[in-house]
There are 2 protein chains.
Amino acid sequence: MTTRSSTDPTRVIPEATVARLPVYLRALTALADSGIRTCSSEDLATAAGVNSAKLRKDLSYLGSYGTRGVGYDVDYLRYQIAREIGVTQDWPVVIVGIGNLGHALANYSGFRSRGFRVVALLDADPGLIGQTVAGVAVRPFDELEAIVQEHDVAIGVIATPALAAQGVADRMVAIGITSILNFAPAVLAVPEGVDVRKVDLSIELQILAYHEQRKANGAGAAAAAAADGGAA
Amino acid sequence: MTTRSSTDPTRVIPEATVARLPVYLRALTALADSGIRTCSSEDLATAAGVNSAKLRKDLSYLGSYGTRGVGYDVDYLRYQIAREIGVTQDWPVVIVGIGNLGHALANYSGFRSRGFRVVALLDADPGLIGQTVAGVAVRPFDELEAIVQEHDVAIGVIATPALAAQGVADRMVAIGITSILNFAPAVLAVPEGVDVRKVDLSIELQILAYHEQRKANGAGAAAAAAADGGAA
DNA sequence: AGGAGTTTGTGAACGTGAGAACAAAATTGG
DNA sequence: CCAATTTTGTTCTCACGTTCACAAACTCCT
């Protein structure tokens, strides 16, 4: 007996699938906003930018929420995915490091509308304290512990310079934060049980540059390959 | 004969490896900055946050740049990786959409120091035109074509609201841009041959929320699983 | 010179993910 | 009520990525 029902909390959803669920959620919201009540896996897959076989397989890990011959009820599926991800209630979040990027994150409306609430902005620079960003006051980094305990914060965002990032992470972990979203260009060491996700702007550009370089070399490379083949 | 020498442009580097090369590059730079001239795969792996077997396998796709019994020359390896990625020269980049995030990106010093040069900031809002951000003037979106041709730009960054993103992408593609870094929360449709990478802040948070929820359910889930097992 | 000790590069085993293909289950029309 | 049609859920196969384990190759010491 290896069946895992949708209410069985021990069933495992592949990491690759978890990473796509938010995309499906957004696509479903877009469909709902344009008045669509029902959609096929083909429709939703197109809206989400994946192929329909992969979409169906992903959804099958959550349960059986579609109707054969008909498709999916947009609102119902949206709720099921939101519940699975855990964004039917709001998650309190703290942002540490209110530089250019911290400002942008504090002002990003997508957090609020997608299940997250920024409860505090923290910075070590005394010059920033008291300033208000997006309606939230910037407070001293020392107040992290009090804020985390008051609001029961589990998720922290690091938007500091690279050198400060590990120190901030250590402090967060010590206080009980167990999920960190890291924008600083640094590798964070954290204990088992703490999740870290990294967003790195220049790495993404470097990956594009690699492929761009290969495209640029394309014509020459094809010729070289042909010559190589001829020689062999 | 299937050997691929390091100068053979047809050899294939796995995508997962390509995504890690910039991490190694950064770790090597950090090592060089602290005066280290030579390092083992173990040292570098630790600095990069991966295990040493994976690191060695990744590097083996580039060529054989280490010395058995000794390790890697930091500067030499750094140059080889930079060359492989294509960041030994600067890539010109345009940023479209100068809102909060666009501001932060324009000010991000990591671009400049890692092989990228922001040659233009563009926005459709007349109210922003002429303003200077990080020493670069904001210009009308209409000037995209002239700028791309003048500087031979291949990489574009989209930091607009979701609704504008597809239109901007279409325009970029029409003008000849072949790599796009998209910060807008939207799925972009682009023709074959154009690379798109997506950075989505709220998706990253949602992935963390999913795992956080599972941790929170941990105690209860373990009990439920035990009860389940007992029943079966 | 030769053996002991290090560390790389790689072949092989294993695990995860993607995609094709199809059976199962629903609707629709006669 | 039954056949035709649609669309899901799942199985099977293949490709990709990770990790282990070890031979090859280098240094260092005696």
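Every chain is numbered from 1 and lettered A, B, ... according to where its sequence line falls, protein lines coming before strand lines.
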I'd like to check the salt bridge (charged side-chain N to carboxylate O under 4.0 Å, His left out) partners of A/R56; sequence neighbours left out, ordered by chain and number. none

Rounding to the nearest 10°, end axes of the helix from C/dA1-D/dT30 to C/dG30-D/dC1 built from five pairs each make an angle of 0°

In terms of heavy-atom contacts, B/K198 and B/A186 come closest through CD-O, 4.2 Å

Sub-4.0 Å heavy-atom contacts from residues 69-81 of chain A onto DNA chain C, ordered by number: A/V70

Between B/G66 and A/T17, name the one whose nearest nucleotide on DNA chain C is closer to the 5' end. B/G66

Any residue meeting side-chain hydrogen bond (donor to acceptor under 3.5 Å, both in side chains) with A/R114, in chain and number order, not counting sequence neighbours: none

On DNA chain C, does the nearest nucleotide to B/K57 precede the nearest nucleotide to A/R68 from the 5' side, or the other way round? Give the residue. B/K57

Donor on one side chain, acceptor on other, B/S40 and B/D43, under 3.5 Å: yes

Show the nearest heavy-atom pair for residues A/L44 and A/L55, with the distance to one decimal. CB-CD2, 3.7 Å

Minimum heavy-atom distance between A/W91 and B/Q213, given as atom pair plus value: CH2-N, 3.8 Å

Using side-chain heavy atoms (C-beta onward) and a distance below 4.5 Å, is B/F111 in contact with A/L201? yes

For a 4.5 angstrom cut-off between non-hydrogen side-chain atoms, does B/D195 reach B/T178? no

Partners of A/R197 by salt bridge (charged side-chain N to carboxylate O under 4.0 Å, His left out), sequence neighbours excluded? B/E204

Between which nucleotides of DNA chain D, read 5' to 3', does contact with chain A run, using atoms under 4.0 Å from its heavy atoms? D/dT6 to D/dC12

Would you name the heavy atoms of B/M172 and B/V94 that are closest together and state the gap between them? CE-CG2, 4.4 Å

Apply side-chain contact (heavy atoms from CB on, under 4.5 Å) to A/Y61 and A/E84, showing your working. CA-CA 10 Å; A/Y61 292 115; A/E84 188 69 41; over 6 Å; no

Per-pair distances, 0.1 Å, donor-acceptor, side chain in residues 155-168 of chain B, under 3.5 Å, sequence neighbours excluded:
residue : atom : partner : partner atom : Å
B/Q166  : OE1  : B/A189  : N            : 2.9
B/Q166  : NE2  : B/D170  : OD1          : 2.8
B/Q166  : NE2  : B/A189  : O            : 3.0

Suppose we screen for ring-ring contact (aromatic ring centres under 6.0 Å, His included). Which residues come up paired with B/Y210, at least two apart in sequence or across chains? none

What residues in residues 30-42 of chain A put a non-hydrogen atom under 4.0 Å from any atom of DNA chain D? A/S40, A/S41

Please name all residues satisfying side-chain hydrogen bond (donor to acceptor under 3.5 Å, both in side chains) with B/D200, sequence neighbours left out, ordered by chain then number. A/R26, B/S202

Using a 4.0 Å cut-off to any heavy atom of chain B, which nucleotides of DNA chain C are the first and last in contact, reading 5' to 3'? C/dT6 to C/dA12

Residues which pass ring-ring contact (aromatic ring centres under 6.0 Å, His included) with B/Y79, listed by chain and number, not counting sequence neighbours: none

